[in-house]
**Q** 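First the structure, which I've put down as structure tokens, then a few questions once you've had a look.
If you're wondering where the values come from, they're calculated on a predicted model, not measured in any experiment. Within every chain, numbering begins at 1; the chains are lettered A, B, ... in the order of the sequence lines, protein sequences first and strands thereafter.
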Amino acid sequence: MTSFKSDFLNVLSERGFIHQCTDAEALDTLASAGPITGYIGYDATASSLHAGHLVQIMLLYWLQKTGNKPIVLMGGGTTKVGDPTFKDTQRPLLTDEQIQSNMNGIKSVFNSFLTFGDGATDAIMVNNDDWLSGFGYIEFLRTFGTHFTINRMLTFDSVKLRLEREQPMTFLEFNYMLMQAVDFRELNSTYNCVLQMGGSDQWGNIVNGVELTRRLNQKAAFGLTTPLLTTASGAKMGKTVGGAVWLNADALSPYDYWQYWRNTEDADVGKFMRLFTDLPMDEIRRLEALQGAEINEAKKILADAATRLVHGEAAAATARDTAQKAFEQGVLSADLPTVEVARAELEAGIMLAALTTKIGLTQSNGEARRLAQGGGLRVNDTAITDGNQAVTLADLNADGVIKVAQGKKKIVLVKPV
RNA sequence: GGGGGAAUGUCCCGAGCGGCAAAGGGGGCGGACUGUAAAUCCGCUGCGUAAGCUUCGCAGGUUCGAGUCCUGCUUCCCCCA
């Protein structure tokens, strides 16, 4: 397990990406002999991917970095069915328009990680709707249905757990694993793709694809999954304050993204650097060994590197600079999240609670008042305990803005226009 | 087709003799302590400045008053056929 012949598996192994692999030795042999093609599928259930998908994206990143060809499979077809894996209830079905719009949102992220093109190791993006939607029902059943037994399908955790919990699973959802298997076989036929990767929850689905490909195409096919990621204190990765840690800049600003990584728990620093950055291993080993307050330096480097991969060098530098000024020097930076408010409103005086709700720090005036009472709201660094207090133009600071903070980490600048 | 059970605070689990804005958890948020960490302790967690308003699958009914009783409907689970 420690030493492979191929760069690809060596990197994945030492960085902690590998949870299960259908046949690591054979895959290693194949990968060391020349470029291989591998893929990961992403269903279009939201308009942006989030930090939970990041591990998988990094798999493709390293696949390409080590001289192989990545395929990004957009699940335009599979999303129409909905992956039932480890969900208790069926998700609402999305319309074709929603799916299309979500796919458009998701696509852009990959440009930051992968090089697309026509070259041997250039990444390509395909949509499984292209082949899945073309099948006739009888045709599909006769071609693929004969290779799956219900007996076996019922043993997969994705199905078994749902049944054990006495939750209904529709026939529609039950077919999802067949479609995913067909994807692999299709990519194998068309692009000579030999590897499917994914999260550990996808193991069952992946194995099905591997077997179908072997059976129908008589070619080698492999599956590899990543471990389920949690933080050291057991929380799921990728969820935080305002929801998910989105990768698209319009869903979550680079500054907030940087902050997410900056707030990593001590115990996770090394693990996260291995998984979510391209920092060299020596440096990671040095940084994760830092003790006490010094590890904060490592967290900044982690945040820099992670942000750089998604949003680029410039955005990462700005985010770091902004954070540094706000937290370490107590200086305001114009790059903090800024919300414009009509000058007239401030002139008349606006209730603090109403203001925080307006700028999105709180969801209702009541919530803002309670927050204020607990000392969680600050205007220009002064805690205001009365949410009814008015905020006016008189509160503008020297830079012509009002600094409103919820807690210590969420800061918004209010600018009159 | 017959019989039995279940749906609760727009995150989850989950109590709830007819007087309840509704127990208790988890999660989340805020405060204290720190290192923008973890752990711990404390507070908040339907809307409204307020009077008050709107919540317990849906629609009706009984009652001064219903999450709680009655009727119908929807969805789900279990048993029998």
**Q** For A/Q180 and A/Q202, does a side-chain donor sit closer than 3.5 Å to a side-chain acceptor?
**A** yes
**Q** Classify the nucleic acid contact of A/Q259 as base, sugar-phosphate or nothing, counting any heavy atom under 4.0 Å across all strands shown.
**A** base
**Q** In Watson-Crick or G-U wobble terms, both distances under 3.5 Å, what is the partner of B/A6?
**A** B/U75
**Q** Using the P atoms only, state how far B/U62 lies from B/C17, rounded to an integer number of Å.
**A** 24 Å
**Q** Do we see a donor-acceptor contact under 3.5 Å between the side chains of A/W131 and A/D183?
**A** yes
**Q** When the P atoms of B/G65 and B/G25 are considered, how many whole Å apart are they?
**A** 35 Å
**Q** Give a yes or no on whether the ring-centroid distance for A/F135 and A/F144 is below 6.0 angstrom.
**A** yes
**Q** Between atom CD1 in A/I411 and atom C1' in B/G30, what is the gap in whole Å?
**A** 15 Å
**Q** Which nucleotide in the set B/G31, B/A37, B/U49 lies at the smallest distance from any side-chain heavy atom of A/E265?
**A** B/A37
**Q** Whole-Å distance between B/A37 P and A/W261 CH2?
**A** 17 Å
**Q** When the distance from CD of A/E367 to P of B/C11 is rounded to whole Å, what number comes out?
**A** 12 Å
**Q** Could you please name the option among B/U49, B/U36, B/G30 that lies closest to any side-chain atom of A/W258?
**A** B/U36
**Q** Could you check how far CG of A/N263 sits from P of B/A38, rounded to whole Å?
**A** 8 Å
**Q** A/K299 NZ to B/G35 P: how many Å, rounded?
**A** 12 Å
**Q** If you look at every strand shown and take non-hydrogen atoms under 4.0 Å, does A/G387 touch a base, only sugar-phosphate, or nothing?
**A** nothing
**Q** For atom P, what is the distance between B/G5 and B/U54, given to the nearest Å?
**A** 33 Å
**Q** Given A/T226, which partner from the list A/Q56, A/Q20, A/H19 fulfils the side chain to side chain donor-acceptor pair (under 3.5 Å) test?
**A** A/Q56
**Q** Have a look at B/C20 and give me syn or anti from its glycosidic angle (syn if within 90° of zero).
**A** syn
**Q** Starting from the 5' end of RNA chain B, give me the residue, A/R262 or A/Q363, whose nearest nucleotide shows up first.
**A** A/R262
**Q** Rounded to the Å, how far apart are A/N296 CG and B/A38 P?
**A** 11 Å
**Q** Using a heavy-atom cut-off of under 4.0 Å over every strand shown, decide if A/A323 touches base, sugar-phosphate, or nothing.
**A** base
**Q** Taking any strand in view, what nucleotide pairs with B/C41 in a Watson-Crick or G-U wobble way, both distances under 3.5 Å?
**A** B/G31
**Q** Between B/C33 and B/G26, how far is it from one C1' atom to the other, in whole Å?
**A** 24 Å
**Q** If you check the A/D266 side chain, which of B/U49, B/G35, B/G30 turns out closest?
**A** B/G35
**Q** Between B/U49, B/G35, B/C29, spot the one nearest the side chain of A/N365, thanks.
**A** B/U49
**Q** Are OP1 or OP2 of B/C33 and a side-chain N or O of A/K408 less than 4.0 angstrom apart?
**A** no
**Q** Which nucleotide sits closest to the side chain of A/F327: B/U36, B/G35, B/G48?
**A** B/U36
**Q** So, A/D256 versus A/S253: side-chain donor-acceptor pair below 3.5 Å or not?
**A** yes
**Q** Could you give the CD-to-C1' distance, from A/Q373 to B/C29, as a whole number of Å?
**A** 15 Å
**Q** Who is the Watson-Crick or G-U wobble partner of B/C69, with both distances under 3.5 Å?
**A** B/G61
**Q** Check every strand shown and say whether A/L377 touches a base, only sugar-phosphate, or nothing at a heavy-atom separation below 4.0 Å.
**A** nothing
**Q** A/H50 vs A/H53 aromatic rings, parallel, tilted or perpendicular, using cut-offs 30° and 60°?
**A** tilted
**Q** Expressed as a whole number of angstroms, how long is the span from A/K271:NZ to B/A37:C1'?
**A** 15 Å
**Q** Rounding to the closest angstrom, what is the interatomic distance between B/C53 and B/A22 at atom P?
**A** 15 Å
**Q** Is there a Watson-Crick or G-U wobble partner for B/G46 with both distances under 3.5 Å, and which nucleotide is it?
**A** B/C53
**Q** For B/A6 versus B/U55, give the span between their P atoms, rounded off to a whole number of Å.
**A** 24 Å
**Q** Tell me the partner of B/G1, counting only Watson-Crick (N1-N3 plus N6-O4 or O6-N4) or G-U wobble (N1-O2 and O6-N3) with both under 3.5 Å; none if nothing fits.
**A** B/C80
**Q** When you measure from the side chain of A/R369, which nucleotide among B/G31, B/G35, B/U49 comes out closest?
**A** B/U49
**Q** The side chain of A/S364 is closest to which nucleotide in this list: B/G35, B/C47, B/G31?
**A** B/C47
**Q** Hey, does A/R370 reach any base, or is it just sugar-phosphate, or nothing, if we go heavy atoms under 4.0 Å?
**A** sugar-phosphate
**Q** Does a side-chain N or O of A/K409 approach OP1 or OP2 of B/A37 to a distance below 4.0 Å, or not?
**A** yes
**Q** May I ask you to decide if the ring planes of A/F276 and A/W261 are parallel, tilted or perpendicular, using 30° and 60° as cut-offs?
**A** tilted
**Q** What interatomic distance, in whole Å, is found between P of B/G57 and the corresponding atom of B/U8?
**A** 6 Å
**Q** If you measure from the P atom in B/G48 to the same atom in B/G43, how many Å do you get, rounded?
**A** 24 Å
**Q** Does the side chain of A/K299 come under 3.5 Å of the side chain of A/N263 through a donor N or O and an acceptor N or O?
**A** no
